[in-house]
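Below you'll find the structure, written out as structure tokens, and then a few comments.
Just so it is clear, the values below take in all heavy atoms, side chains as well, and ignore hydrogens, waters and symmetry mates. Throughout, a chain's letter reflects where its sequence line sits, starting with A, and its residues are numbered from 1.
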Amino acid sequence: MSGVRGSQLLIPTLKDDPTDAEAISHKLLVRGGFIRQVGSGLYTYLPLGWRVMRRIDTIIREEMDTIGQEMLMPVLNPAELWQRTGRWDIEQLYKLTDSSGKHYALAMTHEECVTFHASREIRSYKELPQIWYHIQTKERDEPRPKSGILRTREFIMKDSYSLDRDEEGLEASYQRHIEVYKRIYDRCGLEYWMVESDVGMMGGLGAHEFMAPSSAGEDEVALCSSCDYAANVELARSRPRTPQFPERLDAPKQIETPGATTIEALAGQLGIDQAATAKAMVLSRDGEVVLLLVRGDDRMHELKATKALGGAYRPATPEEIVATFGAEPGSIGPVGVGARVIADETLREGQYVSGANRTGFHLLGVEAGRDYSPEFADLREVRDGEGCPDCDGTLRVERVIEIGNIFKLGTKYSAPLNATYLDESGQSQPIVMGSYGIGLARIMAAAIEQGHDDNGMIWPASIAPFQAHMVVIGDAGSEQFAIAEELEGQLTAGGTSVLFDDRDVSPGVKFADAELIGAPVRLTIGKRTVSEGTVDLQARRGREQISTSVRDAPERAQAILQEGA
RNA sequence: CGGGACGUGGCGCAGCCUGGUAGCGCACCUGCUUUGGGAGCAGGGGGUCGCGAGUUCAAAUCUCGCCGUCCCGACCA
């Protein structure tokens, strides 16, 4: 084994940030010559980028092999499989027709395919449990690819599927995945959290996500400072502060509130706490007008509202509002209305100011249960600094990149695709399934988002494209070159991957590229070090350059790599 | 799908408002010098200005349409 020569490697680094890149990982990957864009949401991994992907791939494979069996399923799937599970109509699913008129889907994930195989190959409880996985290209017609490789239309995913006889078995497979996932992310040198997540429209029995903190992320999670509560804000709960209620009333009292059409104006005019008001939002779901209420100081969370309503909605038009409530927006409330009313859980107790359904008027002392009878649901968005729902701690809200997810599917797929087994008594039972995904490129991007400085990337040793970057100042045939080759041999013999930069460019270019590419350790061999019998060694992560003897250099380089994950 | 921006040698940009046939930096090629922080000098190559119509004697520049890319939002099994 030997290192890779810089003169033989495609290293198309750029001095300037690409115009259309926003995320740091996107900028650095393009600048460092790791990726190039082919079209919207479509990227080529150049040699440097692909080296990183392969190292991530290897880590995932090594860990997954401890619990599952690797296989490979096709990207192209017959339409029928997707029609049977009802997923054929998903907009993000690419559909195509072959020359004979048959319809196909480009798989966005492989529940259908796995379940198809399970239905044909699994006969008996004696063959369960199973965990099958593959690492393969996924296709999704993303409405809006973004942030470089963070959201693309084609990407490589490790997806695994557990087959169990019952929920107890599923729970065990789920736990085994959690342990394996933690080892994978630990080995990749990422900071991450496991959080409760929404099961999505596919139902299911529960789900978690693995989230890497980064400002480039698309999701937000709520984390408790003192216990292990951690949840995606899509379903996070919290203890809101207690409002300062005005004096209790035996019945609602109508008051004139001219021009007070916002909570801020209303609370200001009445001189009360915004949290002592109820904010009304009028929505339309399938043409039905529905009134949603949250506390005045809260914001409605759109996904929570969607779940409460049972599907997609739109804001009602002013005409619909006037027709339904007999008053204009800004004076709408729940008392005496014919429409469906859904109130946030915070409104169960206490008396709130709400619209009177008479333009320019509000009601004081409105009480759920007494004055109106809503459905209750969790509708409010959790905010940074609120109390933890499980303990006395405080929640903080952090932006994150989703680097993996795990779902308890139950029989969602096995039922429609007839994946069953015979139990001890000869009864046919549906297989209980789980599905588990990791996006390789997300790991790569998250590692950069979490490890970079002004000069470039700072890779964890475990997934770096090269672990050691040798800057050789001198031509082939020089004394520097000979010493560098000797060091290269020792490093590679010790299992270290080496980029031997022998390019015919100035030293400044080599140093700049070394920092951009971000190998965790850099060795510099020049005339000066040769005359002293030394090598200059530098850890990429903010460390001073040290001078060491040629003999000690490999060992000291190894030591730096050990520290760097 | 709604909103915004952009599209000019490989990359980053200027020129457009006020029409007159394209320029700068980097990169690239050749030669010489240089070699511990994105080298110097000299010479050189490369662009039907995203595409299509229109206005005009004349369009990178004005008008209309389309396409592409990015950003915000919606969406994200």
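Two rings, from Phe407(A) and His208(A), have their centers 6.0 Å or more apart.
The closest donor-acceptor contact from the side chain of Lys158(A) to the backbone of Tyr436(A) lies under 3.5 Å. One N or O on the side chain of Tyr185(A) and one on the backbone of Ile403(A) form a donor-acceptor pair closer than 3.5 Å.
Both Asp16(A) and Gly508(A) lie close to RNA chain B; mapped to their nearest nucleotides by heavy-atom distance, the more 5′-ward contact belongs to Asp16(A). Along RNA chain B, the nucleotide nearest to Glu234(A) and the one nearest to Ala21(A) differ in position, and the one closer to the 5' end is contacted by Ala21(A).
Relative ring orientation between Phe481(A) and Phe500(A) is described as perpendicular, the plane-to-plane angle rising above 60° on a 0-90° scale split at 30° and 60°.
In this structure, Pro315(A) reaches neither bases nor backbone, as no heavy-atom distance under 4.0 Å exists between it and the strands shown. Note on Asp513(A): a base of the nucleic acid sits closer than 4.0 angstrom, heavy atoms only. Using a 4.0 Å heavy-atom criterion, one finds that Ser40(A) contacts the sugar-phosphate atoms exclusively.
Atom CD of Glu532(A) sits in a crowded spot, with more than 12 heavy atoms from other residues, nucleotides or ligands closer than 6.0 Å.
With both ends at atom C1', the span from U69(B) to C11(B) equals 16 Å, rounded to whole Å.
Taking the ring centre of Tyr94(A) as origin, the terminal cationic atom of Arg140(A) falls outside the region bounded by 6.0 Å and 45° from the ring axis. Geometrically, Lys95(A) does not engage Tyr104(A) in a cation-pi contact defined by less than 6.0 Å to the ring centre and at most 45° from the axis.
In this structure, the CG atom of Leu42(A) is 13 Å from the P atom of G68(B), given to the nearest Å. Spacing between atom CG of Asp198(A) and atom P of A77(B) amounts to 8 Å, rounded to whole angstrom units. Summarising the geometry, the separation between OH on Tyr94(A) and P on C76(B) is reported as 17 Å, rounded to the nearest angstrom.
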Trace of the side chain to side chain donor-acceptor pair (under 3.5 Å) decision for Ser162(A) with His177(A): CA-CA 9 Å; Ser162(A) 60; His177(A) 273 89; 5.4 Å; no
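Of the candidates A27(B), G36(B), U69(B), G36(B) carries the atom nearest the Thr529(A) side chain, counting heavy atoms from C-beta on. When distances run from any side-chain atom of Arg151(A) to the nucleotides U69(B), G36(B), C76(B), the shortest one goes to C76(B). Of the candidates A77(B), G36(B), A27(B), the closest approach to any side-chain atom of Asn405(A) belongs to A77(B). Here G37(B) is the nucleotide among A77(B), G38(B), G37(B) with the atom lying nearest to any side-chain atom of Arg522(A). With G36(B), G38(B), U69(B) as the candidates, the nucleotide lying closest to the side chain of Gln545(A) is G36(B). When distances run from any side-chain atom of Met108(A) to the nucleotides U69(B), A77(B), A27(B), the shortest one goes to A77(B).
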Between the protein and nucleotides 72-75 of chain B, which nitrogen or oxygen pairs are less than 3.5 angstrom apart?
from, atom 1, to, atom 2, distance (Å)
C72(B), OP2, Arg144(A), NH2, 2.1
G73(B), N7, Arg144(A), NH1, 3.2

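Pairing for A5(B) goes to U69(B), judged as Watson-Crick or G-U wobble with the two contacts each under 3.5 Å. Pairing for C28(B) goes to G44(B), judged as Watson-Crick or G-U wobble with the two contacts each under 3.5 Å. Here A77(B) sits opposite no nucleotide as a Watson-Crick or G-U wobble pair (both hydrogen-bonding atom distances under 3.5 Å). Using Watson-Crick or G-U wobble geometry with both donor-acceptor distances under 3.5 Å, G37(B) finds no partner in any strand shown. Nucleotide C62(B) forms a Watson-Crick or G-U wobble pair with G54(B), both donor-acceptor distances falling under 3.5 Å. The base-pairing partner of C17(B), taking Watson-Crick or G-U wobble contacts with both distances under 3.5 Å, does not exist among the strands shown.
Evaluation of atom-type donor-acceptor distances gives no pair under 3.5 Å for the side chain of Glu515(A) against the base of G38(B). No N or O donor and acceptor, one from the side chain of Asp17(A) and one from the base of G12(B), sit under 3.5 Å apart.
With Glu515(A) as reference, Arg522(A) is the one residue of Arg540(A), Arg522(A), Lys510(A) to meet the salt bridge (charged side-chain N to carboxylate O under 4.0 Å, His left out) rule.
Contact between the side-chain N/O atoms of Ser435(A) and the OP1/OP2 oxygens of A77(B) is not found at any separation under 4.0 Å. At least one side-chain nitrogen or oxygen of Thr19(A) sits closer than 4.0 Å to the OP1 or OP2 atom of C13(B).
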